[in-house]
Amino acid sequence: MEFTVVLTIARPRQRVIELLSDPAHHPSWLRGLVAHELIEGREGHVGAVSRVEMRSGSSTMEARETITRRDPEQLEDLPADVVVHYERELVAEGMWSAAKEHLHDLGDGTTLWESENEYRFSALPMRLLAPLMRGTFRKQTLAHMEDFRAFAEHGTDVRGEEGQPG
């Protein structure tokens with residue numbers, strides 16, 4: 001199952017990169033995040049592996065996240081025409097997913113966030129249901145992106161507190 005979601009954020013790309021890449025901010029905008037713990041490597045860099053725990057309703061999912069691409073490696077002082085690519089894989093019991101994030105500087109203090117997502121399931125019931133659930137997965141991805149936008153633009157915290165993303 002594959003889909004792409006695109007969202008515009010009224011913040012400069014450099015600030016979007018800073019907020020997205022700092023795990024200290026993740027609980028403020030990633031609804032359901034229980035834990036994001038670095039296991040090996042350097043946080044946010046290629047090869048970094050983290051344990052991620054997410055809760056949705058009464059169910060909890062634990063997964064292993066691996067950063068597979070960060071291009072360019074140096075993210076400071078980028079020309080506006082350079083697109084930032086950030087890719088990760090998430091592996092959980094019965095599921096593999098990959099997200100390819102592309103951040104475009106629109107040149108007016110605005111960032112275009114394009115998120116390409118792919119999911120694969122090993123259990124037969126989920127493999128059969130996946131095509132029917134594509135809209136649900138896309139909607140959840142868009143909701144996370146919209147929560148991030150609200151955090152980046154206004155300091156809105158999904159936990160009900162006001163953050164200071166500045």
Side-chain angles (χ1 to χ4, degrees), residues 1-33 35-54 63-92 95-120 134-135 137-159 161-166:
M1 167 178 50
E2 297 180 24
F3 59 87
T4 300
V5 180
V6 178
L7 185 78
T8 302
I9 303 167
R11 298 290 280 160
R13 181 181 58 185
Q14 187 60 43
R15 187 61 180 145
V16 169
I17 291 168
E18 291 167 5
L19 293 172
L20 275 174
S21 62
D22 186 349
H25 294 300
H26 292 175
S28 298
W29 62 270
L30 192 53
R31 197 176 301 271
L33 180 67
H36 186 278
E37 301 167 350
L38 183 66
I39 297 171
E40 62 184 68
R42 186 171 163 210
E43 190 71 63
H45 290 263
V46 174
V49 178
S50 300
R51 183 185 81 80
V52 179
E53 187 176 340
M54 299 288 294
R64 186 176 177 105
E65 176 188 63
T66 304
I67 306 302
T68 57
R69 180 180 181 192
R70 179 176 144 165
D71 181 43
E73 182 66 28
Q74 178 69 357
L75 297 175
E76 290 79 29
D77 301 319
L78 295 172
D81 63 338
V82 171
V83 176
V84 174
H85 302 275
Y86 186 80
E87 300 176 10
R88 60 185 167 73
E89 291 182 353
L90 200 66
V91 178
M95 182 197 82
W96 171 91
S97 73
K100 297 178 180 181
E101 314 295 347
H102 312 285
L103 300 170
H104 305 263
D105 186 336
L106 298 181
D108 59 356
T110 302
T111 303
L112 180 72
W113 181 7
E114 179 182 7
S115 181
E116 297 178 40
N117 298 269
E118 179 180 357
Y119 287 84
R120 297 181 195 159
R134 183 176 182 268
F137 278 80
R138 185 183 183 288
K139 184 177 177 181
Q140 180 180 10
T141 299
L142 179 58
H144 286 309
M145 292 171 73
E146 288 173 337
D147 284 344
F148 175 80
R149 176 172 57 191
F151 173 68
E153 292 179 357
H154 309 291
T156 305
D157 190 311
V158 297
R159 300 167 297 180
E161 306 164 6
E162 289 299 314
Q164 300 296 324

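As a basis for the values below, the full set of heavy atoms in this structure was taken, side chains included, without hydrogen atoms, waters or symmetry mates.
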How far apart are the C-alpha atoms of E153 and I9, what are their side-chain angles, what is the distance that settles it, and do they pass the side-chain contact (heavy atoms from CB on, under 4.5 Å) test? CA-CA 7 Å; E153 292 179 357; I9 303 167; 4.0 Å; yes
Over all atoms of both residues, closest heavy-atom pair of [X] and [Y]:
X	Y	answer
V158	W29	CG1-O, 3.8 Å
I39	S50	CD1-C, 3.9 Å
S28	F151	CB-CE1, 3.5 Å
A24	P27	O-CD, 3.6 Å

Can you sort out the partners of [X] under side-chain hydrogen bond (donor to acceptor under 3.5 Å, both in side chains), two or more places apart, ordered by chain and number?
X	result
D71	R69
S21	none
R70	H45
H36	E65

For [X], which residues count as a side-chain contact (heavy atoms from CB on, under 4.5 Å) partner, sequence neighbours excluded?
X	result
A150	T156
E18	Q14, R15
Q140	H144

How many angstroms lie between atom [atom1] of [X] and atom [atom2] of [Y], to the nearest 0.5 angstrom?
X	Y	atom1	atom2	value
M54	L33	CE	CG	5.5 Å
H104	W113	NE2	CH2	12.5 Å
E87	T68	CD	OG1	5.0 Å
L7	T141	CG	OG1	11.5 Å
W96	L90	CH2	CG	10.5 Å
T111	L106	OG1	CG	6.5 Å

Please list, chain by chain and in numerical order, all residues satisfying ring-ring contact (aromatic ring centres under 6.0 Å, His included) with H102, sequence neighbours excluded. H85
Kindly write out the residues that satisfy ring-ring contact (aromatic ring centres under 6.0 Å, His included) with Y119, not counting sequence neighbours, or none if the list is empty. F137
Between L103 and Y86, does a side-chain contact (heavy atoms from CB on, under 4.5 Å) hold up when you go through it step by step? CA-CA 8 Å; L103 300 170; Y86 186 80; 5.9 Å; no
Using modelled atom types and a 3.5 Å cut-off, is there a donor and acceptor pairing between side-chain atoms of E89 and backbone atoms of A98? no
Sidechain-backbone polar pair: R134 side chain, M1 backbone, donor-acceptor under 3.5 Å: no
For S115, run the side-chain contact (heavy atoms from CB on, under 4.5 Å) check against K100, R138, M145 and tell me which one passes. M145
Using the salt bridge (charged side-chain N to carboxylate O under 4.0 Å, His left out) rule, collect all pairs that involve [range], keeping only residues at least two apart or in two chains.
range	value
residues 139-152	R31-D147
residues 103-118	E118-R120
residues 37-47	E37-R51, E40-R64

Please tell me if the side chains of I17 and V84 come closer than 4.5 Å, counting only heavy atoms from C-beta onward. yes
